[in-house]
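Following: one structure in structure tokens, then a few remarks.
Just so you know, ligand 1 is whichever comes first in the structure, and atom 1 is the first atom listed for that ligand. Position 1 is the first residue of the sequence, and the numbers go up from there.
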Amino acid sequence: MDKRYLTFALGKGRLANKTLELLEQLGITCEEMKDKDSRKLIFVNEELKLKFFLSKGPDVPTYVEYGAADIGVVGKDTIVEENRRVYEVLDLGFGKCRMCVCGPASAKELLKHHERIRVATKYPLIAKDYFYNRKHQTVDIIKLNGSVELGPIVGLADVIVDIVETGSTLRENGLEVLEEICPLSARMIVNPVSMKMEYDRINKLIHDMKDLLSKQ
Ligand code: PRP
């Protein structure tokens with residue numbers, strides 16, 4: 001019987017580029033994808049029976065949960081926030097950053113005294129879990145879709161829950177890390193049914209990738 005296609009969903013941007021670079025080192029290439037002018041959304045490697053597509057990061061776990069993609073690569077922040085039924089099988093070790101509570105230095109006190117503060121974030125689930133379940137602090141969470149650092153600057157919120165990589169966005173806006181929630185990096189996720197049905201192919205990929213990462 002012909003092998004079926006294994007489909008990869010990759011979060012657009014740096015994560016996808018780095019993932020493709022690693023796959024290439026394993027001999028898994030997709031020439032079609034390198035044409036930057038192409039408007040094609042899905043790319044095929046006929047020889048290896050693989051398909052690849054790029055999507056917005058938060059959609060990657062959705063495609064993988066429903067089995068529209070067998071395998072996905074996306075940030076840990078997105079995996080936690082989306083809370084989909086997928087297996088997280090490998091920490092790819094790149095895209096390292098931290099999920100933090102940030103704000104002006106003056107907001108430190110508000111975090112100490114369990115005050116009912118306003119928290120702006122792109123990650124309401126992560127923020128809620130942190131404040132309610134770990135800190136036992138009741139807060140008002142305000143969902144934003146980007147440039148979250150604006151929140152405390154314009155008086156929308158007291159603090160933010162956001163990703164910090166180099167810290168330069170915070171520094172340039174007079175904000176700082178007040179508390180660290182968790183470390184983040186790119187992860188490989190797999191659809192639970194695909195993991196069973198295509199165990200050998202997927203398991204080999206995980207092992208080859210692990211091996212490659214250990215040599216980097
Ligand atoms: C992310 C994050 C911070 C910034 C952190 O934003 O939300 O704003 O990067 O990086 P730094 O610590 O290196 O400055 P992104 O660029 O993804 O855009 P967004 O603000 O629209 O989410």
**Asked** ligand 1: which residues have a non-hydrogen atom closer than 4.0 Å?
**Response** K122, G146, S147, E149, D162, I163, V164, E165, T166, G167, S168, T169

**Request:** Run the ring-centre check on F52 versus F8 and record whether the distance is less than 6.0 Å.
**Result:** yes

**Complete:** Across all chains, not counting sequence neighbours, the side chain to side chain donor-acceptor pair (under 3.5 Å) partners of D211 are K215

**Request:** Using a strict cut-off of less than 4.0 Å between a Lys/Arg side-chain nitrogen and an Asp/Glu carboxylate oxygen, indicate whether K135 and E179 qualify as a salt bridge.
**Result:** yes

**Request:** Evaluate whether atom CZ of R116 has more than 12 neighbouring non-hydrogen atoms of other residues, nucleotides or ligands under 6.0 angstrom away.
**Result:** yes

**Asked** Listed by chain and number, what are the side chain to side chain donor-acceptor pair (under 3.5 Å) partners of S168, not counting sequence neighbours?
**Response** T166

**Partner set under side chain to side chain donor-acceptor pair (under 3.5 Å) for Q216, not counting sequence neighbours** = Q25

